[in-house]
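Note that the structure is predicted; figures quoted are calculated from it, not measured. A note on names: the letters A, B, ... follow the listed sequences, proteins ahead of strands, and every chain is numbered from 1.
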Amino acid sequence: MGRLKTIARRSFLIGTVALAGGVVFGTYAYRRDPDNPLLDDLAEGQAAITPHVLIDTEGVTLITPRADKGQGTVSLQAMLLAEELDVDPYAIRTDFGPPSAAYWNGVVLAEGLPFADAGDGTLARGSRKAGEVLGKILGMQITGGSSSAADAFDRLRQAGAVARETLKAAAAARTGLAQADLKTESGAVVLPDGTRVAYPDLIPDLAGVEPVQVDSLRDPSQWRFLGHPHRRLDIVAKSTGTQAYGIDLTVEGMVFAAVHRLPDPPDETARHDTAPALAMRGVVAAGVIGANAYAIADNTWRAMQAAQAIRTEGMAAMAPRPGAMPDQSEIWDRIAASLDGTRRDSRNRDLGDIDAALSQGEVLTAEYRVPFLAHAALEPLNATVRITADRADIWAGTQVPIVARDKVARLTGLPKASVHVHNQMMGGSFGRRLEDDFILVAVEIARRVTGRAVKVTWTREADFAADFPRPAAMARGRGRVEGGQVVAYDLDIAAQSTMESQVGRMGMPVFGPDKAIVAGAADQPFAIPAYRVTGHRVPAMVPVSSWRSVGASANGVFHDCWLDELIHAAGADPVAERLRLCDDPLSRKVIEAVAEMADWQGAQPGPDGAGLMRGRGVAFCRSFGVPTAAIVDLSDTGAGLRIDRAFVAAEVGRVLDPVNFENQVAGGVVFGLGHAMNCELTYAGGVPEQANFDSYEGMRLRQCPQITVRGLENGDRVRGIGEPPVPVAMAALANAVFAATGRRIRELPLSRHVDFV
Amino acid sequence: MRFTVNGTPREVDVEPDMPLLWLLRDVLGLTGTKYGCGIAACGACTVHLNGAPVRACQTLAGDLEGAEVVTIEGLGTPAAPHPLQLAWIDHQVAQCGYCQSGQIMQAAGLLAQNPAPSDAEIIEAMDGNLCRCGTYPRILAAVRDAAGRMGG
Ligand code: FES
Ligand code: FES
């Protein structure tokens with residue numbers, strides 16, 4: 001065992017050295033590398049050769065540090081591993097693995113730092129490196145920020161290569177042949193005489209072999225899986241109802257609980273009458289935790305009925321309590337007030353002399369606002385928990401298993417090593433499962449029936465009420481045009497800080513400005529002669545969190561729609577003027593590509609064959625380092641606007657999985673268009689007024705346009721594509737509404753002002 | 001009450017107002033049918049009742065006497081998928097996949113009634129099935145394709 005430990009730790013170090021070559025935090029942090037978690041659970045006959053690959057008598061298991069919330073990450077990781085390891089990707093088994101500090105995620109934290117992620121300055125580079133190191137020290141294991149593809153790209157191929165070469169070394173040691181004479185193929189080492197030694201057969205020999213460091217990975221021209229269409233590993237299960245999600249789990253002896261949300265978090269004077277709930281059939285316990293009324297019963301429906309029967313009385317609900325959440329109109333007032341200059345958070349873009357530029361000629365102004373938005377993954381929040389005297393088991397789909405484990409340890413008083421988080425396939429997340437609130441509530445409920453597993457399911461209404469939404473935000477633009485060109489652009493954005501709210505809940509301090517307040521606006525590749533973007537931090541009101549594309553989901557709209565207004569005011573062509581102003585070659589190619597795909601001939605192509613007025617909107621936003629452009633075509637049917645087509649081009653360095661790429665970009669477009677058209681959360685009495693999909697529709701099939709996507713591969717870094725299509729779809733739609741109707745709608749959702757069919 | 005699920009006779013003793021959704025999931029252990037909204041606003045719970053697609057969250061146990069219920073598990077299996085499921089696999093429709101049982105059951109109900117639907121008919125039939133991941137373009141393509149394969 002001691003020997004194995006050395007090997008595994010060494011091979012993990014090999015993986016980390018390449019990524020963590022910086023010196024920002026010094027070597028001490030690296031020496032403190034977390035132990036390899038796989039070694040704890042190794043049974044006889046198993047050997048771990050890198051932290052990501054387990055080879056046992058059954059074959060190869062990919063221990064994937066990434067939970068899958070629907071974006072095909074697990075499949076992609078298997079392909080990355082298979083490409084170097086020479087195994088059939090469909091024969092690889094996958095396991096989400098125990099939460100462990102060994103699965104740190106450098107990329108997401110690096111991009112959370114308050115520097116533009118596509119910036120190239122020494123400071124930005126140094127900080128990104130610091131983020132990678134910091135991520136490791138904090139032991140964060142996060143799936144989010146479109147970082148999965150970028151983070152896994154090198155490490156998993158590296159893991160596969162190290163595993164392959166080490167297996168060859170083991171075979172060489174056994175046979176006495178030279179390692180250079182050995183090949184690998186379909187899960188076996190092939191000797192010069194054609195004899196095949198299956199990888200699992202080499203387990204006994206692996207213990208005597210040092211891991212072999214591999215300097216170069218295979219050239220993309222040799223790839224057999226990556227970059228080629230392949231069938232997702234989970235596609236059969238997900239097409240036959242046999243994919244089990246967290247909500248489908250059965251644990252022996254399990255009981256069922258449901259959480260229903262009380263209208264307002266009760267204060268200390270509140271009394272909860274659980275008697276009616278306890279009298280209901282099958283109910284074994286009922287109670288209230290914070291604002292969550294719950295019941296435990298012998299099936300979910302009985303638990304739901306009982307939870308909803310809990311009555312709360314005696315609450316001093318009449319007078320607004322200090323610190324109570326304000327209602328929506330008050331929220332808008334506070335956001336607007338934050339634009340007064342006293343709450344400035346950042347000014348990461350300040351080119352030329354904006355004050356001088358706006359002191360002459362006609363100054364154009366506009367004010368934009370975007371609403372709170374719910375994550376509302378289709379699988380409602382749920383977690384299954386079993387607490388015993390000496391151990392806690394948590395079965396849940398989570399993007400932050402380590403944070404959850406640590407908090408459960410604190411809550412229960414159990415040592416961290418006794419808290420076991422079993423990550424589950426998620427029916428969507430969009431950022432919601434970066435929060436661990438629901439796991440903690442489930443743990444408290446499970447403590448009522450110690451020793452028994454409890455599956456806790458939120459009602460859809462409770463899921464909405466418990467959400468940490470995308471913050472509502474406002475922006476004010478000022479600008480000037482001259483000689484058919486945009487010459488001055490000034491944008492002030494006010495929003496609550498997602499980072500302050502979210503990282504604060506993780507129990508970590510946050511310093512400095514929040515990049516999310518201006519992400520998608522202050523980091524755009526335009527060279528406008530006088531160009532300024534300022535972020536203002538709205539005081540905390542509603543607990544908020546990351547929502548697909550985070551800050552760019554608001555700022556991509558503010559920035560591009562305001563630019564579009566100025567371009568139209570200048571009388572310039574929306575594509576040509578964006579291209580003229582854009583100073584980043586990769587971004588220019590994206591705009592050119594989308595214009596070509598859509599055969600752009602201007603924003604107003606005139607009526608179509610049936611005489612319907614048409615309008616086209618183009619938009620650009622670089623978020624998560626991915627320059628992305630969209631064109632949306634609308635027609636005015638008389639009975640409402642109809643979105644006919646959407647085109648998206650995005651620069652991702654390399655398209656690793658073409659099918660999933662197309663699906664995710666199209667999904668991002670649907671997500672962006674649907675929310676921009678139809679969705680908002682408005683708060684009253686501490687909860688949103690929208691409680692289910694009847695009042696928060698997103699997009700339906702009838703509103704879905706034809707979507708055409710293209711991935712560009714001119715950049716040198718592999719980037720994730722889950723989030724960047726969202727902001728451009730929203731902005732392009734708003735711009736298309738202007739082109740089709742002449743009305744500039746500056747508030748989302750657009751359905752507040754125009755009808756869609 | 002007595003009824004059949006995927007051809008198997010079942011007898012349960014539950015409250016008459018218990019929705020079929022929870023009866024299937026928690027009492028009979030058939031978890032392919034999903035809970036999304038509970039108010040007929042998402043379609044994730046769609047099953048066939050006497051051959052027609054219904055929302056299981058709105059179908060009450062008390063109305064099931066003698067009924068024939070078919071769930072996604074009864075439509076086809078990984079080893080023997082229904083043509084619609086094959087189309088769903090070939091078009092790689094699913095992202096998170098959570099809505100897809102309901103989508104497929106809704107589409108199966110449509111094709112059983114109308115083997116060669118127009119796009120407008122597909123959209124009309126499928127519009128109540130929400131997909132938060134936005135797989136609609138592939139859903140449309142898969143239904144068209146399945147209709148073709150089934151000889152519609
Ligand atoms: S759960 Fe039945 S329609 Fe949504
Ligand atoms: S695939 Fe996720 S909700 Fe449809």
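Note: Gln92(B) leads Gln100(B), Met18(B), Gln92(B) in heavy-atom pairs under 4.5 Å with chain A. Annotation: maximal heavy-atom pairing with chain A below 4.5 Å, among Glu73(B), Lys34(B), Met126(B), occurs at Lys34(B). Comparing Ser101(B), Pro137(B), Gly36(B) by heavy-atom pairs within less than 4.5 Å of chain A, the highest count is held by Gly36(B).
Atom CG of Leu701(A) and atom SG of Cys131(B) lie 10.0 Å apart (nearest 0.5 Å). Expressed to the nearest 0.5 Å, how far CZ of Arg232(A) lies from CD1 of Ile89(B) amounts to 13.0 Å. Taking CG of Leu20(B) as the start and CH2 of Trp301(A) as the end, the distance is 12.5 Å to the nearest 0.5 Å. If you take SG on Cys37(B) and CZ on Phe464(A), they are separated by 10.0 Å, rounding to the nearest 0.5 Å.
The closest donor-acceptor contact from the side chain of Arg25(B) to the backbone of Ile247(A) lies under 3.5 Å. Between the Asp248(A) side chain and the Gly32(B) main chain, no donor and acceptor come within less than 3.5 Å of each other. The closest donor-acceptor contact from the side chain of Tyr136(B) to the backbone of Val670(A) lies at 3.5 Å or more, if one exists at all. The backbone N or O of Gln95(B) lies less than 3.5 Å from a partner atom in the side chain of Lys238(A), making a donor-acceptor pair.
For the pair Asn299(A)/Val27(B), a side-chain contact is recorded, criterion being any heavy-atom separation below 4.5 Å from C-beta on. A heavy-atom distance below 4.5 Å is found between the side chains of Met304(A) and Tyr35(B).
Ion pair Arg132(B)/Asp463(A) not flagged as a salt bridge, since none of the NZ, NE, NH1 or NH2 atoms sits closer than 4.0 Å to an Asp/Glu carboxylate oxygen. Under a 4.0 Å N-O distance rule, the pair Asp127(B)/Arg702(A) qualifies as a salt bridge.
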